[in-house]
Structures are given as C-alpha cells and as structure tokens.
Amino acid sequence: MVRMTASPGRRVLLAAPRGYCAGVDRAVIAVEKALEQYGAPIYVRHEIVHNKYVVQTLEKKGAIFVEQTEEVPPGNIVMFSAHGVAPTVHEEAERGRLATIDATCPLVTKVHKEAIRYANDDFDILLIGHEGHEEVIGTSGEAPDHITLVDGPGDVAKVEVRDPSKVVWLSQTTLSVDETMETVGALKEKFPLLVSPPSDDICYATQNRQLAVKQMGAEAELVIVVGSRNSSNSKRLVEVAKLAGSREAYLVDFADEIDEAWLEGVSTVGVTSGASVPEILVEQVLEWLAQRGFADVELVRAAEESITFSLPKELRKDLRAQAASLVAERTGHDISEK
C-alpha cells in the first residue's frame with residue numbers, strides 16, 4: 001500500500017458541485033433499470049451520456065449503443081439518450097416496430113417545448129449551440145423551418161430573419177454561460193427586439209460547475225477536468241478555467257492520462273468533472289495526485305444542488321410485450337411464442 005503524504009505548499013482545490021447532474025443520473029439509472037426489468041439487450045440510440053467510462057460500463061451489462069434507429073432489429077427496445085431526439089426519430093422507431101424509452105433530460109425537453117411554442121407563433125428562432133451536437137440536432141428537428149443555428153458570436157453577422165420584430169433566442173443547455181451571453185449581446189445589437197426565453201436554457205448544473213471553476217481558477221496554476229472529449233460541458237470547463245486565470249487546464253478521461261510534466265512548478269491543482277462523469281473517476285485522479293505529494297484537498301463550493309428527476313414513465317410498462325405485439329401487428333405472428 002502506497003503511503004500518501006502531503007508535500008509542503010502543495011494542495012488540491014476540489015470543485016463542488018461536480019460530476020453527475022440530475023439529468024445524467026436519471027438517464028444512466030434508466031438504462032440500468034431497463035436491463036434489470038427487461039433483460040439484455042437494451043438498445044440505446046447514441047451514447048446515453050457523453051462519457052467513455054459510463055458507456056463501457058453499460059455495454060458490459062448488456063446495453064448496445066447504435067448510431068441510427070434503423071440498426072435496431074424489430075421487436076426490441078430502444079432508449080433515446082439524455083441529449084434528446086427530433087420527432088423524426090420517434091417516427092423511425094414506430095416504423096421499425098420498436099418499443100421506446102425516452103431518457104431525454106427534462107431540461108432539454110423544456111427547450112424543445114419552447115421551440116415548438118415559438119414556431120407555432122411564427123417566430124424565427126435563433127438557436128445558440130454547436131453544430132453537429134446531438135442536442136442541437138434534436139432541438140432543431142422540432143421546428144426545422146423556423147430555427148437557425150448560431151454557433152458563437154462569429155456567426156451573428158450572417159444571421160438573417162424574416163421579421164426582426166418576431167425573433168427569439170434559445171440555447172443548447174451545456175454551453176459556456178459567458179460565451180452564450182456574448183452571443184446574445186451581439187444578436188441584440190443586430191435585432192433590438194430579440195426576445196429571450198422565459199427561463200434560462202443553460203442548465204443549472206452547467207452553470208454551477210462553471211462557477212466553481214471560476215472561483216478556483218485564479219488560485220490554481222493547473223486545472224484538471226475529468227470528462228470525455230465529446231462532452232460539451234466538460235470542454236467548456238477547460239475554457240472557463242483558462243479564462244479564470246489558470247495557467248493550464250486539461251481534459252482527461254482517466255487518471256492515467258495525466259502527464260507528470262504538467263505538475264512542474266505547480267503548487268495548487270484544481271480538480272473538477274463534467275456533468276456526465278461518475279465520482280469514481282475523480283477519486284482516481286485525487287489518488288494519483290496524492291501519490292505525488294498533492295494530498296491536501298480543499299473544497300471550493302459554489303452552490304448546493306438538490307434537484308432530482310423521476311425516471312422515464314415507460315419503465316412502468318411491459319415493453320418486451322409491447323415490442324412483440326408491434327411486430328405481430330406487421331407479420332401476423334406472435335414472436336413472443338417462439
């Protein structure tokens with residue numbers, strides 16, 4: 001057993017809150033519950049959340065991750081990820097005779113509903129987000145004829161609308177708060193009558209994690225963000241740390257990705273994790289740092305979180321029987337008897 005002792009002057013600032021948000025927790029538990037109730041396989045369209053460790057762990061339990069709904073054989077169960085999907089994806093599942101579980105984060109669903117409402121009122125909707133991100137694709141699919149993607153302040157100059165008096169902005173839930181407001185400011189200069197959403201679209205967890213990093217960034221020469229490369233909110237934490245004053249900030253999936261050279265000349269290391277990261281990965285990073293003299297850990301608490309979401313309602317149904325009946329309707333045969 002390695003004895004861990006703190007070296008004088010070396011410390012870790014540990015962000016709080018960090019890691020799982022309520023939407024991610026709900027989605028991961030939904031996959032586990034589905035496997036428990038219905039048995040493997042449970043198909044999941046795209047990664048349930050953007051975290052390599054979570055996906056690998058669920059695969060070992062019997063989840064099968066697919067890119068397209070058409071990859072799922074008829075008569076099976078498919079779950080939609082926390083990032084949400086467009087209405088066309090629900091239609092694909094229906095045509096494919098699939099039982100579905102919708103694990104979309106309720107905060108993403110809120111943005112979908114806002115898009116539908118403003119489209120019904122014939123507004124042009126300026127969706128601030130990153131092109132190609134699954135959440136943006138899903139939200140855009142709710143009102144494709146009304147939504148224009150704005151990928152940062154640099155996109156504002158080319159934005160055109162039908163009626164400058166009927167334009168509203170919405171956003172992806174996992175963006176940098178500061179960059180989003182910079183984009184909104186530029187949009188308001190161009191469209192003075194721009195309407196804001198009735199409530200903030202950037203989720204509470206994204207904001208709280210960024211706030212904690214801002215508080216420790218000025219003191220930490222190095223910030224290590226635990227998270228995957230395809231996690232938007234994790235990548236934003238790296239950006240926020242650098243803007244807050246940290247000399248360097250890096251994104252790692254696992255502790256063994258940390259380069260010891262990063263510690264040269266460093267007395268204070270900040271540690272945080274994205275909203276789709278389980279705490280075990282943070283604990284491994286803290287252990288790695290402690291073995292190198294950074295055993296003193298100080299908590300930097302920016303907010304308290306107590307929000308929870310109920311599991312998808314579909315988990316209360318007999319989805320295996322439902323899936324079998326959908327196939328039977330098409331073929332005239334009851335596959336459950338085979």
Looking at Val285, Leu13, Ile224, which hits side chain to side chain contact (heavy atoms under 4.5 Å, CB included) with Val269? Ile224
Hey, are the side chains of Tyr43 and Glu71 touching, using non-hydrogen atoms and a 4.5 Å cut-off? no
Tell me which one of Asp201, Ile116, Ile202 satisfies side chain to side chain contact (heavy atoms under 4.5 Å, CB included) with Val111. Asp201
Trace of the side-chain contact (heavy atoms from CB on, under 4.5 Å) decision for Tyr20 with Val54: CA-CA 11 Å; Tyr20 273 13; Val54 171; 3.4 Å; yes
Give the minimum heavy-atom separation between Ala82 and Val49, together with the two atoms involved. CB-CG1, 4.2 Å
So does Asp121 get a backbone contact from the side chain of Lys166, meaning a donor-acceptor N/O pair under 3.5 Å? yes
Is the side chain of Lys190 donor-acceptor paired with the backbone N or O of Val156 at a distance under 3.5 Å, no angle test? yes
In Å and rounded to the nearest 0.5 Å, what is the CG to CG distance from Asp296 to Leu289? 12.0 Å
Spacing of CD belonging to Gln68 relative to NE2 belonging to His46, to within rounding of 0.5 Å: 5.5 Å
Let me confirm one number: the CD1-CD distance from Ile64 to Glu59, rounded to the nearest 0.5 Å. 9.0 Å
Can you name the closest pair of heavy atoms from Tyr118 and Ser196 and give their distance? OH-O, 3.9 Å
Arg11 versus Glu298: any side-chain heavy-atom pair under 4.5 Å? yes
Is any side-chain heavy atom of Glu160 closer than 4.5 Å to one of Asp124? no
For Thr69 and Arg45, test the side chains for any donor-to-acceptor distance below 3.5 angstrom and give the result as yes or no. yes
Hey, are the side chains of Asp253 and Arg229 touching, using non-hydrogen atoms and a 4.5 Å cut-off? yes
May I have the step-by-step check of salt bridge (Lys or Arg N to Asp or Glu O under 4.0 Å) for Arg162 and Asp122, ending in yes or no? CA-CA 10 Å; Arg162 295 168 300 158; Asp122 203 28; 3.2 Å; yes
Would you say Ser246's side chain and Lys242's backbone share a donor-acceptor pair under 3.5 angstrom? no
Short side-chain donor-acceptor distance under 3.5 Å, Thr104 and Asp102: yes
What are the two closest non-hydrogen atoms of Asn208 and Ala302, and how far apart are they? O-CB, 4.1 Å
State the CZ-SG distance between Arg209 and Cys21, to the nearest 0.5 angstrom. 6.0 Å
Report the distance from atom CG of Leu107 to atom NE2 of His112, rounding to the nearest 0.5 Å. 11.5 Å
Give a yes or no on whether a salt bridge exists between Glu70 and Arg95, defined as a side-chain N under 4.0 angstrom from a carboxylate O. no
Rounded distance (nearest 0.5 Å) linking atom CD of Glu36 with atom NZ of Lys33: 5.0 Å
Evaluate the criterion side-chain contact (heavy atoms from CB on, under 4.5 Å) for residue pair Val31 and Met79; output intermediate values, then yes/no. CA-CA 8 Å; Val31 179; Met79 184 177 295; 3.4 Å; yes
Is there a path from Val55 to Val24 through hydrophobic residues (I, L, V, M, F, W, Y) whose side chains come within less than 4.5 Å of each other? yes
Counting C-beta onward and ignoring hydrogens, is there a side-chain heavy-atom pair between Val225 and Val277 closer than 4.5 Å? no
Between Asp178 and Lys214, is a side-chain contact (heavy atoms from CB on, under 4.5 Å) present by the stated rule, with each step listed? CA-CA 11 Å; Asp178 293 338; Lys214 285 181 181 179; 3.0 Å; yes
Transitive ILVMFWY side-chain link Leu211 to Leu175, under 4.5 Å: no
Pair Trp262-Arg247, side-chain contact (heavy atoms from CB on, under 4.5 Å): steps then yes or no: CA-CA 10 Å; Trp262 298 349; Arg247 192 170 71 204; over 6 Å; no
Heavy-atom side-chain proximity of Leu58 to Glu32 below 4.5 angstrom: yes
Is Arg117 salt-bridged to Glu114, cutoff N-O under 4.0 Å? no
Tell me whether Leu243 shares a hydrophobic cluster with Val223, the cluster being built from Ile, Leu, Val, Met, Phe, Trp, Tyr side chains joined at under 4.5 Å. no
Minimum heavy-atom distance between Pro278 and Tyr53, given as atom pair plus value: CG-CD2, 3.6 Å
Do Glu47 and Ser81 come within less than 4.5 Å of each other through their side chains, counting heavy atoms only? no
Could you see if Val226 belongs to whatever hydrophobic cluster contains Phe294? Use Ile, Leu, Val, Met, Phe, Trp, Tyr and a side-chain cutoff under 4.5 Å. yes
For Arg292, does its backbone N or O pair with a side-chain atom of Arg10 as donor and acceptor, under 3.5 Å? yes
Could you tell me which non-hydrogen atom of Phe254 sits nearest to which non-hydrogen atom of Lys52, and how far apart they are? CE1-CD, 4.0 Å
Determine whether a donor-acceptor pair (N or O, by modelled atom type, separation under 3.5 Å) exists between the side chain of Gln207 and the backbone of Val177. no
What I'd like to find out is whether the side chain of Leu127 reaches to under 4.5 Å of the side chain of Ser140, using heavy atoms alone. yes
Is Thr139 reaching over with its side chain to a backbone N or O of Val136, donor-acceptor style, under 3.5 angstrom? no
Hey, is the main chain of Glu131 close enough, under 3.5 Å, to the side chain of Asp151 for a donor-acceptor pair? yes
Which heavy atom of Ile147 sits nearest a heavy atom of Ala115, and at what distance? CD1-CB, 4.2 Å
Using the rule that Ile, Leu, Val, Met, Phe, Trp and Tyr join whenever any side-chain heavy atoms are under 4.5 Å apart, tell me whether Ile29 and Ile280 fall into a single cluster. no
Whether the side chain of Arg97 engages the backbone of Pro74 through a donor-acceptor N/O pair (distance < 3.5 Å, no angle test) should be reported. no
